[in-house]
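Nothing here was measured: the structure is a model prediction, and the numbers come from that model. In each ligand, atom 1 is the first atom listed, and ligand 1 is the first ligand listed.
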Amino acid sequence: MSSSIDITAIGARAEAMLVELAAISSEPQRLIRLYLTPEHRKAADLIGSWMRESGMTVSEDALGTLRGHWRPELEKRLLIGSHIDTVIDAGKYDGPLGVVAGILAVRELAARNVRLPFGIDVLAFGDEEGSRFRTTLAGSSASAGVFDRSSLAFPDRNGISLADAIAAYGHNTDDIPAAAYDPADVVGYVELHIEQGPVLEAQNLPLGVVTGIVGQSRMRVIVLGEAGHAGTVPMHMRHDALAGAAELMLLIEQTAVENRDDGMVATVGRIEASPGATNVIPGRVGFSLEFRSSSDEKRKGAIEQIKTDAQRIGVKRKLEFAFEPFHETNTTACTPALQDLMADAIGSLGYQAVRLPSGAGHDAQVMAKLCPMAMLFVRCKGGISHNPAEFASEPDMGLSVVALVRFIKALAARMAAKGGT
Ligand code: GLV
Ligand code: MN
Ligand code: MN
């Protein structure tokens, strides 16, 4: 690449775009941008305007995934994507950085009139965090041709189904199959993302190559006991659903700790106790449960162990436990040849290319079902993410865009060497 590329200016431009996007929230004091909401539409409109300014045509598929097309006349496509939905009270880099970086990379290529044997589609997915519906990765699943239509019935907290939300956003669920790319047309998918962990910072390195994304199992656990008067039912006669849930949660934590060598983590992130009064023994509890591990076998084994523990607690406390799984992804490896190209791109900038796995989920894990996949991590301060304190520096973001551009050119060169068109 010519030395005239201005890393500082690109980093500053990325930060300005991310600040503008972060102002689009359903609440003024916290960043909350949920899938298929007016905030999603506003963010998509803004991103669409940046895509056009950077020389792309813009379309949107039935799942609300915004697509910027650079050189749409070319049949072969390189896909660059990430997500624009957020967690509740989010930082401004998780997801949007990957979309902004894709746009800035295309802008650099277009400005230099670089000729590649493929066009580029920049994809802004809307459902990576699963903050609104229990679905997660709905947009990327449709793009990869693996969307599960049963998730259309999932309701949000207000009882609006995913199908109704898609219609209200202006799309037709009959068009979902048309959102799928033909694998024969796609040369690969690449996602740039903040690391969301402390590894790069600890090694004093700005960029890293992702080796793979850990698998996840998500489910809802229902505990049924018996509601009763908190003042009159003696302790030994209670069937307290919340106390039983608490006992199980400590075993969940212990199971993950015992398997930590496989990178296992387990989280109960949401809980509702009913009827939810100070003076009533809880008769019903529902809580979310998520297990992640780089070993699919150990993760699945841990869940079986927890079910056995629940059975035992149920007999002891006269409670019923039910497990309702709603998301399952196995550990996904990044394509080795693309990892090497990414490592070379980072190395060409004068930095050691550390390789590391991702404990966070990404649209890339679904896109890997469609085509070769790579991910580039950017150092984030203190490893903090899913938190408004999330931070990536302008120099690091500028470098990451340049590394992405070099990766794209190296991919084109590799295709040319192999006789690809
Ligand atoms: C997405 O951020 C996830 O890993 O939950
Ligand atoms: Mn993310
Ligand atoms: Mn996230």
Side-chain angles (χ1 to χ4, degrees), residues 14 18 21-22 25 30-35 40 43 47 65 80-102 122-141 189-200 208 210 212-220 256 263-270 288-294 299 326-332 334 356-368 373-381 383-392 397 400:
L18 292 167
L21 264 178
S25 170
R30 305 191 294 174
L31 174 50
I32 305 174
R33 201 167 50 240
L34 304 186
Y35 184 36
H40 182 185
I47 292 167
T65 300
I80 303 176
S82 199
H83 61 98
I84 58 171
D85 62 320
T86 71
V87 291
I88 311 292
D89 202 8
K92 59 179 185 279
Y93 303 88
D94 173 5
L97 174 58
V99 176
V100 160
V122 176
L123 306 177
F125 298 115
D127 176 42
E128 193 271 352
E129 301 290 7
S131 304
R132 178 171 178 190
F133 299 96
R134 285 186 319 193
T135 58
T136 169
L137 306 168
S140 39
S141 297
Y189 173 84
V190 58
E191 182 161 352
L192 184 153
H193 204 284
I194 54 162
E195 179 201 340
Q196 306 182 274
V199 174
L200 293 174
V210 181
I213 304 168
V214 300
Q216 288 187 33
S217 306
R218 292 183 181 179
M219 65 209 78
R220 187 167 156 75
M264 187 178 290
V265 287
T267 306
V268 174
R270 187 172 166 193
S288 65
L289 174 58
E290 185 202 84
F291 268 94
R292 304 188 190 202
S293 167
S294 52
R299 190 181 71 252
F326 58 83
H327 176 75
E328 180 76 33
T329 37
N330 280 345
T331 296
T332 306
C334 297
L356 69 171
S358 173
H362 298 289
D363 291 289
Q365 70 204 76
V366 175
M367 297 305 280
M373 176 277 281
M375 282 197 75
L376 172 63
F377 268 172
V378 183
R379 166 169 57 188
C380 72
K381 191 172 176 196
I384 295 171
S385 186
H386 284 187
N387 183 316
E390 190 173 270
F391 177 79
M397 291 192 288
S400 70

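For ligand 1, none of its N or O atoms has an N or O atom of Q196 under 3.5 Å away. Of the polar atoms of G361, at least one N or O is found under 3.5 Å from an N or O of ligand 1, judged by distance alone. Here's the thing with E129: one of its N/O atoms is less than 3.5 angstrom from an N/O atom of ligand 1. For ligand 1, the polar-atom distance check finds no N/O of E290 at less than 3.5 Å from any of the ligand's N/O atoms.
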Intermediate values then yes/no, side chain to side chain contact (heavy atoms under 4.5 Å, CB included), T136 and Q216: CA-CA 11 Å; T136 169; Q216 288 187 33; 5.8 Å; no

Decide side-chain hydrogen bond (donor to acceptor under 3.5 Å, both in side chains) for Q196 and S385; before the verdict, give the C-alpha distance in whole Å, the side-chain angles of both, and the deciding distance to 0.1 Å. CA-CA 5 Å; Q196 306 182 274; S385 186; 2.9 Å; yes

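If you put the vertex on the Mn ion (ligand 2), NE2 of H193 and OD1 of D94 sit 80° apart, to the nearest 10°.
Residue-level proximity to ligand 1 for R218 is carried by the side chain, the only part with a heavy atom below 4.0 angstrom.
In the vicinity of E128, heavy-atom distances shorter than 4.0 Å reach the ligand 1 atoms 1 (C), 2 (O). Atoms of ligand 1 found under 4.0 Å from any heavy atom of A360 (numbered from 1 in listed order, with element): 4 (O).
Distances from the Mn ion (ligand 3) to the N/O/S atoms of E129 are shortest for OE2. Of all N, O or S atoms in H386, the one lying closest to the Mn ion (ligand 3) is NE2.
The minimum heavy-atom distance linking I88 with R30 is given by the pair CG2-NH1, 3.7 Å. Closest approach of L31 and S25 over heavy atoms only: CA-OG, 3.5 Å. The minimum heavy-atom distance linking D89 with I32 is given by the pair N-CG1, 3.7 Å. When all heavy atoms of G359 and R292 are compared, the closest pair comes out as O-NH1, 3.0 Å.
Between F125 and Y189, the ring-plane angle classifies as tilted under the 30° and 60° cut-offs. Taking the six-membered ring where the residue is Trp, H40 and Y35 present tilted rings, their angle falling between 30° and 60°.
Within the 3.5 Å criterion, the main-chain N or O of A364 finds a donor-acceptor partner in the side chain of E191.
Here H362 fails the criterion, with no N, O or S atom under 2.8 Å of the Mn ion (ligand 2). Backbone or side-chain N, O or S atoms of E128 do not reach the Mn ion (ligand 2) at under 2.8 Å.
Counting only heavy atoms of the protein, atom 5 (O) of ligand 1 lies nearest to R292 NH2, 2.7 Å.
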